[in-house]
Amino acid sequence: MGNYRKLWFTLIGVLIVTFSLLGYYGAEVYRTAPPIPAKIATAGGEVLFTHDSILDGQTAWQSVGGMQLGSIWGHGAYQAPDWTADWLHRELLNWLEVAAERAHGKPFADLDAAAQAVLRDRMKTEYRTNTYHPETGVATVSTTRADAIAMTALYYDQLFSDAPALHTTREHFAMKENTLPSPERRAQMTGFFFWTAWAAATERPGTTATYTNNWPHEPLIGNKPTAENMVWSVMSVVVMMAGVGFLVWGWSFLRKHDEVEPVPPQHDPLSRVPLTPSQRGLGKYLFLIVALFSFQVLVGGFTAHYTVEGQQFYGINVSQWLPYSLVRTWHIQSALFWIATGFLAAGLFLAPLINGGKDPAYQKLGVDILFWALVVVVVGSFTGNYLAIAQIMPPEWNFWLGHQGYEYVDLGRLWQIGKFTGIVFWLVLMLRGIVPALRTPGGDKNLLALLTASVVAIGLFYGAGFFYGERTHLSVMEYWRWWVVHLWVEGFFEVFATTALAFIFSTLGLVSVRMATTASLASASLFMLGGVPGTFHHLYFAGTTTPVMAVGAAFSALEVVPLVVLGHEAWEHWRLQHRTPWMARLRWPLMCFVAVAFWNMLGAGVFGFMINPPIALYYVQGLNTTPVHAHAALFGVYGFLALGFTLLVLRYIRPQLVFSERLMKTGFWWLNAGLVLMIATSLFPIALFQFHASVSEGLWYARGEEFMQQPFIQTLRWVRTFGDVVFIVGALAMAWQVVSGVFGSRAPAAMAGAYLAESRR
């Protein structure tokens, strides 16, 4: 550890404390998850649903795309309703109608105000009262509620079939006709929807809040923010402000102001290291990256168009072959594939450099095997997604080969195993280059040790996705799913990116090893401090208790803290291109890293904290505020980072290449402009209108057909087309630059000749 002992001990201490919190309160998730009753029955003994039928309904929901078609407990897609909030509201309205007919012999709307108030009070008491008996495993409902459940189930049975009466509704929800052909599976799915609504309406024993902490907002039964929600929302803001304040003090007083910048070498050090066979073989990785990137962008525009035409693409009915739930699955999965491949390619490029400029034995073979394994997983998982959502695949195969139904981990379990195996194989390829360097005596190995730790974490932590199965309780599944989506991606990938860039810049001689190591260790501690227990901020309303909310709110607020100084990081990256003439050839990778810093601040910081406090997320979970954050953070941060790595690797494995200024300016600036336009002119304005609707009426209304089909909302959705087109142009320009570089397109002779002459000096 040497001179970095305090920084290492700080990082180790942070990891011990934060993972202890994540593990301890993870056990709390298991202990306090909403029960799935053995039976849902009337007092007279009529059984409506059973434990097994509810889980069968969960698997039926997974088979149609799960979270890619509407959402459950606020997690999923935003076009169709949130099925929990929608079911709950419809069942409540049906209860009032049934009760009014039984008590007064006329519709609820025809009753006077006093009679309506009495029925509403009865309904609130009935729904919030917990009738589940742990000893018998039975939850009882009144005959009035049983009739209301049957009426609600009939609506969903028709909605997921091809019933003509709901054809227009299916169009508005971007659902294909006969989404779930089997009547038996539709009946099972209604049981699952009912159970999620039951958990959202039933008070947890010993409390006055429901199992989902009173989410969603539903005035009919008094679902409103809890006192704990308000307290920890305020505390999250306080913690965030305190964290920023301490960071500024530390930045001012603890960092070395007198650190002398190294004199950059006269020539690019990396260009003088002969390319190894494994590095030359990375061209196909770069092609795969931009191929998947282009596919993701084009299918993203296709997906967005479904929000205005539902089942058609400019008048052509394509939903029966390429429904919304399928193309949204492909859109998200292709993003994860190409971004992850960008990180893998960067690591494989660095491995021989770390190993003294030479490949370990059979490294090229390993690189080739890994590439084709990635291709098999991509093609296999996409095919499985199609066969599952088309209801061609047998139900018992769906989870393993088709569609898991969970956003960001949609690929079938077999393909998930293949992906994990590939990542572990990448880890082995990396360690074969890193371990010999670590064993070599002499030199400062601290930065390399941190890079190694991040590589190991990336290789292993994706395996958290195997801790749940097809019929795992939804709350438990959400805990482990966010280990992958939040902790693996937003935590360890962030540390790897920071450390890899520091390693590259120090190797280039642009920053000192000491400065790079110190900054990387400090950044890793900051990222992990908020990022690890901050995973819980996704679980406020997923059937968890107040301690989970408290830990998630307090620590996730700290995730914003390191993002405050990213303006300085952007400036540091920007000025590197002016340190020495040969850095001009790395201008566009550096510009991508500048964009990463900007979007990290805005997308992850501002838009992330916008939906982070419990009181904010209570009203906006499942609204368009989430894709505002997701687009700005996922593409703005990790997308630009992967593109920056791609351009950096391309620059060195094709030494003769000179980037086209026209292509790169178009690619870089149009991507940024398109992202700004789609957020500022469509996603964010819609989110604000939905926010108001959610606060004033309830989530069911903000996500409902009546609200979302209003002319001004539809106009805002059409306006997004402009931003999408700009973004697509930028993506295709960036992709063409990479493709032309990989496959040998040459720069103008004079520029290439000048470069070759300099490289021979």
Side-chain angles (χ1 to χ4, degrees), residues 29-64 66 70 72-73 83-84 86-88 90-92 94-95 98 126-161 179-205 210-212 391 394-399 404-406 468-478 542-543:
V29 172
Y30 277 83
R31 289 194 302 268
T32 61
I36 302 177
K39 294 179 183 178
I40 305 286
T42 64
E46 179 188 359
V47 177
L48 306 182
F49 307 107
T50 66
H51 179 277
D52 287 342
S53 71
I54 290 170
L55 291 180
D56 288 339
Q58 179 174 308
T59 66
W61 164 72
Q62 291 166 339
S63 74
V64 298
I72 291 288
W73 289 348
W83 304 118
T84 303
D86 190 69
W87 176 289
L88 179 59
R90 289 180 185 278
E91 186 188 324
L92 293 175
N94 288 332
W95 189 97
V98 172
E126 178 175 338
Y127 272 76
R128 295 190 70 88
T129 299
N130 195 328
T131 60
Y132 172 72
H133 299 283
E135 300 81 9
T136 63
V138 177
T140 57
V141 297
S142 68
T143 55
T144 301
R145 186 171 185 181
D147 289 345
I149 291 170
M151 293 168 64
T152 310
L154 177 62
Y155 166 81
Y156 281 100
D157 179 75
Q158 293 181 329
L159 180 65
F160 281 82
S161 71
T179 300
L180 187 56
S182 168
E184 179 185 1
R185 301 198 82 205
R186 289 200 298 269
Q188 292 168 344
M189 187 172 65
T190 60
F192 173 65
F193 287 172
F194 162 77
W195 173 78
T196 67
W198 175 85
T202 303
E203 291 184 356
R204 186 183 292 276
T210 70
Y211 284 108
T212 57
Q391 298 294 300
E396 60 271 18
W397 293 5
N398 179 77
F399 183 82
Q404 290 192 38
Y406 298 129
Y468 63 85
E470 182 178 11
R471 298 169 72 85
T472 297
H473 191 291
L474 194 63
S475 298
V476 173
M477 181 282 302
E478 284 287 52

Participant: Considering all heavy atoms of both residues, which atom of A60 and which atom of L180 are nearest to each other, and what is their separation?
Facilitator: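 Answer, listing the atom of A60 first, then L180: CB-CD2, 4.2 Å.
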
Participant: Below 4.5 Å, heavy atoms only, C-beta onward: do F194 and L48 meet side chain to side chain?
Facilitator: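 No; the side chains remain at least 4.5 Å from each other.
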
Participant: Is any side-chain heavy atom of V141 less than 4.5 Å from a side-chain heavy atom of I40?
Facilitator: yes

Participant: Quick check: does any side chain N or O of H473 sit under 3.5 Å from a backbone N or O of Y30, one acting as donor and the other as acceptor?
Facilitator: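 The answer is no, because no donor-acceptor pair under 3.5 Å joins these two groups.
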
Participant: For R145 and E91: C-alpha separation, side-chain torsions, deciding distance, then whether side chain to side chain contact (heavy atoms under 4.5 Å, CB included) applies.
Facilitator: CA-CA 8 Å; R145 186 171 185 181; E91 186 188 324; 2.7 Å; yes

Participant: For the pair I72 and W61, evaluate side chain to side chain contact (heavy atoms under 4.5 Å, CB included) and give the outcome as yes or no after the intermediate values.
Facilitator: CA-CA 10 Å; I72 291 288; W61 164 72; 3.6 Å; yes

Participant: Where is the tightest heavy-atom contact between Q62 and E470, given as atom of each residue plus distance?
Facilitator: NE2-O, 3.2 Å

Participant: Tell me, with the steps shown, if Y406 and L474 meet side chain to side chain contact (heavy atoms under 4.5 Å, CB included).
Facilitator: CA-CA 10 Å; Y406 298 129; L474 194 63; 4.2 Å; yes

Participant: Do V138 and H133 make a side-chain contact, defined as non-hydrogen atoms from C-beta onward lying under 4.5 Å apart?
Facilitator: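 Side chain of V138 against side chain of H133, heavy atoms only: no contact under 4.5 Å found.
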
Participant: Kindly compute the distance separating CZ (R471) from CG (D56), expressed to the nearest 0.5 Å.
Facilitator: 4.5 Å

Participant: Nearest 0.5 Å, what's the CG-CH2 distance between L88 and W198?
Facilitator: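 The distance works out to 13.0 Å.
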
Participant: So which heavy atom on G543 is nearest to which on R204, and how close?
Facilitator: O-NH2, 3.2 Å

Participant: Of W73, Y211, W87, which is the lone residue that meets ring-ring contact (aromatic ring centres under 6.0 Å, His included) with W195?
Facilitator: W73

Participant: For D157, does its backbone N or O pair with a side-chain atom of R186 as donor and acceptor, under 3.5 Å?
Facilitator: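 Such a contact is found between R186 side chain and D157 backbone.
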
Participant: Measuring from atom CG of D147 to atom CG of N94, what distance do you get when rounded to the nearest 0.5 angstrom?
Facilitator: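 Here the rounded value is 10.0 Å.
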
Participant: To the nearest 0.5 Å, what is the distance between CD on Q404 and CE on M477?
Facilitator: 9.5 Å

Participant: Measure the spacing between OG1 of T140 and CG of N130 and express it to the nearest 0.5 Å.
Facilitator: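 Interatomic distance, T140 OG1 to N130 CG, rounded to 0.5 Å: 9.5 Å.
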
Participant: Is there a side chain to side chain contact (heavy atoms under 4.5 Å, CB included) between D86 and Y156? Walk through the geometry before answering.
Facilitator: CA-CA 10 Å; D86 190 69; Y156 281 100; 2.5 Å; yes

Participant: Show the nearest heavy-atom pair for residues S142 and W95, with the distance to one decimal.
Facilitator: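 In this case the closest contact between S142 and W95 is OG-NE1, 4.2 Å.
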
Participant: Between CD of E126 and OG1 of T202, what distance do you get to the nearest 0.5 Å?
Facilitator: 10.5 Å

Participant: What class does the angle between the rings of W83 and F193 fall in, given that below 30° is parallel, 30 to 60° is tilted and above 60° is perpendicular?
Facilitator: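 The rings of W83 and F193 lie parallel, inter-plane angle below 30°.
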
Participant: Identify the two heavy atoms, one from S63 and one from R185, that lie closest to each other, and give their separation to 0.1 Å.
Facilitator: OG-NH1, 3.3 Å

Participant: Counting only heavy atoms from other residues, nucleotides and ligands, does the tally under 6.0 Å from CD of E396 exceed 12?
Facilitator: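 More than 12 within 6.0 Å, yes.
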
Participant: Mind listing the closest non-hydrogen atom pair of A153 and T190 along with its distance?
Facilitator: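 What the structure gives for the nearest pair is O-CG2, 3.8 Å.
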
